[in-house]
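The chains referred to below are lettered A, B, ... by the order of the sequence lines, with proteins before strands, and numbering in each begins at 1.
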Amino acid sequence: MALDIGGKTIATDEEGYLENLNDWTPEVATAMALAEETPVALNDEHWEIINFLREYYEEYQIAPAVRVLTKAVGKRLGADKGNSKYLYSLFPYGPGKQACKYAGLPKPTGCV
Amino acid sequence: MAMLHIVNKSPFERNALKSCLAHALAGDAVLLIEDAVIGAVSGTSLASELQAAMSEQAVSIYALGPDLSARGVSEQRMLDGIQVVDYAGFVDLTVANEKTQSWL
Amino acid sequence: MAKKFIYLNRKAPYGTVYALESLEVVLIAAAFEQEVTLAFLDDGVYQIAKGQNPKALGMKNFSATYNALGDYGITQFYVERESLAERGLSEDDLMPIVYEDEDDDYAEKPSVRVVSRAEMAQIMADQDVTFSF
């Protein structure tokens, strides 16, 4: 699979994750969200989580498991955001899978 | 709570056997398989270490017969005290010991 | 009842895939909420050495990931003193990996404990399940 962004072709795997993590730009995230079966227009709340994930990956070199993400978001952004209900409302396909994909991260290890 | 330690690399190439012997406790068994069986030969630089493990540490040492035969090591050339087992003996060892640990 | 799992790490990182494979299995197994212990002995002590930078090899610096394991409930890193000494290393050459203790107001505590070879042998003997890498 591939995404076409401003004339540039960006390779993704069969689940839509980037083949090359360095290909990520904010435009890539926007395009991935719009390419969903039900297109998603990313808002500030989405970006807050996407940016958080990118920082997490930069520091630890892994995409966090959902349980770990939830806890870490709660610590950083407050308890009203550090819960599954909030994260699933933003990313209904699963915060681990969907948000990591938009953030240009690999699929979380142990994510089944 | 005895443990079966399995070593499959030559002790002349890797430190797996050495490290294994340094961590085996009294009553444990060590099984040499694949290239590790060349450590079971008598007269090697490791012989005294293996003998000490058997007599002082009370560790039993076994070597897998088919791997010895494949490498042309006859039973007469083996270090005293090391016991030869066949595949069925290998299975018996895994049953007789509560746990198994491989030294890769 | 939770079983005690130990992951034995005996290889240096980057030269073979053992270290990375072990870490990936640890991350996957963390989801099953068992009691997990990581042991670093022989060349495995290099897996948590400070200052790793495999960039020029084109490989990921997965040493950063050990710092995330506390959040996965993995807080017991045992390192063998003799293995360090044989390699000219000391505890100061290891990454200062910590975890936050939820039962103690999230105080940061060290995850790494340097133990003797005899203690390591006993730690191994005390486990229910052993994974060797």
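With a 4.5 angstrom heavy-atom cutoff, C:I6 does not touch chain B via any of its atoms. For chain C, the nearby part of B:L25 is the side chain; its heavy atoms alone come within less than 4.5 Å. Heavy atoms closer than 4.5 Å to chain B are found in the backbone of C:F133, but not in its side chain. Within the 4.5 angstrom heavy-atom criterion, no atom of B:A24 approaches chain C.
With hydrogens and angles ignored, the 3.5 Å screen pairs a side-chain donor or acceptor of B:K99 with a backbone N or O of C:A125.
Between chain B and the residues C:E82, C:M120, C:E80, C:R117, the most heavy-atom pairs under 4.5 angstrom are made by C:R117.
For an aromatic pair to be called close, the ring centres must be under 6.0 Å apart, and C:Y72 with C:Y99 fails this.
No more than 12 heavy atoms of other residues, nucleotides or ligands sit less than 6.0 Å from atom CD of B:E75.
The interface of residues 77-90 of chain B with chain C, defined by heavy-atom distances below 4.5 Å, is empty.
Using a 4.0 Å cut-off between a side-chain N of Lys or Arg and a carboxylate O of Asp or Glu, C:D104 and C:K109 qualify as a salt bridge. Look at C:D43 and C:R87 and you find a salt bridge, because one of the NZ, NE, NH1 or NH2 atoms lies within 4.0 Å of a carboxylate O, short of that distance.
Between C:Y7 and C:F5, the ring planes are parallel. Angles under 30° get that label, and only those over 60° would be called perpendicular.
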Applying salt bridge (Lys or Arg N to Asp or Glu O under 4.0 Å), run through B:R71 and B:D35 and close with a yes or a no. CA-CA 9 Å; B:R71 289 160 183 78; B:D35 285 348; 3.0 Å; yes

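Counted by atom type alone, C:Y78 and C:E119 present zero donor-acceptor pairs between their side chains at under 3.5 Å.
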